[in-house]
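Step one of this worksheet: look at the structure below.
Counting starts at 1 for both ligands and their atoms, in listed order. Here, residue 1 is the first one in the sequence, and each next residue gets the next number.
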Amino acid sequence: MADKAKVAIFISGRGSNMAALLYASLLPDSTYEVCLVAANDPDAEGLTLASAEGVPTFALSHKGRTRADHDAAMEAAAKEAGAQYIVLAGYMRILSPEFVSRWQGRMLNIHPSLLPKYPGLDTHARAIEAGDSHGGVSVHLVTEELDAGEVLGSLPVAIRAGETADSLAERVRFAEHQLYPRVLSDYVSRGSDPGYLLEKVRALALSLPEAHERESHGSPGWRAGSEKSGKYFAYFNDQHHGSEHIALLVKTGSMDELLDLVEAQPHAYFKPAYYGASGWIGVILNRPGIDWDHVAEWLERSWRSVAPARLAKLINAAEDF
Ligand code: GAR
């Protein structure tokens with residue numbers, strides 16, 4: 001199994017979500033480990049629990065510090081602990097835009113409503129007041145706008161007759177403790193999840209003009225041109241022919257180019273069985289730091305090499321526009 005992702009959890013209070021995340025991380029198949037629990041309140045209850053479980057902690061009050069300074073100190077502690085992700089669990093601080101942008105795509109938050117409904121505070125009271133049938137919880141990526149980043153998962157919780165904000169909050173918390181570890185675990189491991197990688201490649205391949213998908217020898221493939229006479233420009237391979245790679249196969253310009261790339265960047269490219277002989281290169285997708293813009297460039301280049309001239313003109317015209 002790949003190395004576990006290291007996550008720092010930021011809390012402000014009780015830390016029950018932190019505890020759920022921490023204990024889930026101790027299960028044998030967890031994809032992440034908790035390298036730090038940090039709080040903006042040195043008296044946060046959750047810190048004691050984390051210490052008792054042997055997890056390093058960090059606490060720094062935000063009082064008397066600028067937002068930027070406090071964020072920087074929290075961030076420094078996370079980095080020092082080796083965190084690859086920051087997970088907010090009841091961290092009741094607005095973060096500076098600079099901090100948020102440095103962790104874009106690597107910072108998650110849990111929010112007690114079914115987003116996009118009820119960002120901000122008093123979520124349960126607002127759901128009850130509105131007569132909603134359900135409250136709930138969402139886990140989302142953190143962006144500059146409050147509670148507005150991509151929702152990675154959510155769970156509805158029924159609102160009963162006579163419900164109060166407190167009684168609903170209590171039940172929502174059970175749901176939170178189930179949802180957060182699952183979503184975090186899936187999120188940090190999606191770079192090695194063939195289903196996720198295939199969806200990314202498929203979206204890019206099908207965004208090219210007159211591209212369509214057709215299976216080839218059991219693998220998804222994409223062709224340029226008509227259904228009748230189109231030609232393949234890409235294949236998706238999930239650990240084919242004994243390879244450990246999940247890869248995109250695209251056409252290089254020549255065998256020399258293929259061999260040079262494989263030699264210079266063996267972490268990124270390989271020569272696939274069978275296809276390699278006719279100039280197809282394997283672009284390795286299940287690796288840290290994969291650059292999707294680069295994958296898109298390969299797809300476009302490969303598409304151009306097989307697309308009928310009339311279609312290539314379309315793309316050139318779009319670029320000139
Ligand atoms: C949780 O209910 C979480 O959804 C909420 O704070 C609580 C923290 O509880 N977060 C927010 O309201 C964020 N805007 P915990 O400290 O026991 O995990």
Side-chain angles (χ1 to χ4, degrees), residues 7-25 32 34 36-53 55 57-62 67 70-71 74 85-97 99-100 103 107-129 132 134-159 163-185 187:
V7 311
I9 304 179
F10 285 12
I11 61 170
S12 293
R14 174 181 32 211
S16 71
N17 277 287
M18 177 277 295
L21 289 163
L22 172 57
Y23 290 117
S25 80
Y32 67 90
V34 180
L36 181 76
V37 172
N40 62 318
D41 175 359
D43 297 325
E45 233 179 293
L47 289 172
T48 332
L49 183 144
S51 300
E53 295 296 350
V55 178
T57 59
F58 173 82
L60 182 71
S61 172
H62 58 274
R67 189 175 302 286
H70 185 259
D71 283 357
M74 296 287 288
Y85 296 86
I86 291 180
V87 171
L88 309 179
Y91 188 61
M92 304 310 260
R93 296 274 303 154
I94 305 262
L95 302 169
S96 63
F99 180 32
V100 171
W103 288 82
M107 179 146 52
L108 283 68
N109 182 41
I110 190 156
H111 181 76
S113 79
L114 294 173
L115 289 171
K117 277 189 158 182
Y118 315 127
L121 298 174
D122 299 325
T123 54
H124 306 303
R126 286 152 73 196
I128 295 168
E129 172 76 12
D132 292 356
H134 289 77
V137 52
S138 309
V139 173
H140 66 95
L141 289 175
V142 177
T143 54
E144 262 185 53
E145 198 182 334
L146 184 70
D147 301 327
E150 181 191 346
V151 173
L152 301 174
S154 61
L155 261 183
V157 172
I159 295 178
E163 195 85 78
T164 64
D166 284 348
S167 66
L168 181 56
E170 196 181 318
R171 272 193 342 289
V172 166
R173 205 160 297 117
F174 289 124
E176 295 188 349
H177 298 170
Q178 299 301 314
L179 183 71
Y180 214 174
R182 173 72 70 90
V183 170
L184 176 62
S185 187
Y187 186 71

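- For the atom pair CE of M92 and NE2 of H62, the computed distance is 12.0 Å after rounding to the nearest 0.5 Å.
- By the 6.0 Å contact criterion, CD on E53 is enclosed, its count of non-hydrogen atoms from other residues, nucleotides or ligands being greater than 12.
- Using a 4.0 Å cutoff on heavy atoms, M92 counts as a contact of ligand 1.
- Residue, atom and distance of the protein heavy atom nearest to atom 16 (O) of ligand 1 are G15 N, 2.8 Å.
- Those atoms of ligand 1 with a heavy atom of H111 less than 4.0 angstrom away are 14 (N).
- Protein heavy atom in closest approach to atom 9 (O) of ligand 1: R14 NH2, 3.8 Å.
- Rounding to the nearest 0.5 Å gives a distance of 11.5 Å between CG of L88 and CD1 of I11.
- In this structure, OH on Y180 lies 5.5 Å from CG on N109, to the nearest 0.5 angstrom.
- For the pair I110 and ligand 1, a heavy-atom separation below 4.0 Å is found.
- With hydrogens left out, the protein atom closest to atom 11 (C) of ligand 1 is P112 CD, 3.6 Å, a heavy atom.
- Nearest non-hydrogen protein atom to atom 8 (C) of ligand 1 is G90 CA, 3.6 Å.
- The protein atom (non-hydrogen) at minimum distance from atom 17 (O) of ligand 1 is S16 OG, 2.6 Å.
- The structure places CZ of R171 at 8.5 Å from CD1 of I159, a figure rounded to the nearest 0.5 Å.
- To the nearest 0.5 Å, atom CG of residue L108 and atom CD1 of residue I86 are 11.0 Å apart.
- The protein heavy atom nearest to atom 4 (O) of ligand 1 is E176 OE2, 2.7 Å.
- Note that CG of N17 and CG of L22 are 12.0 Å apart. Values are rounded to the nearest 0.5 Å.
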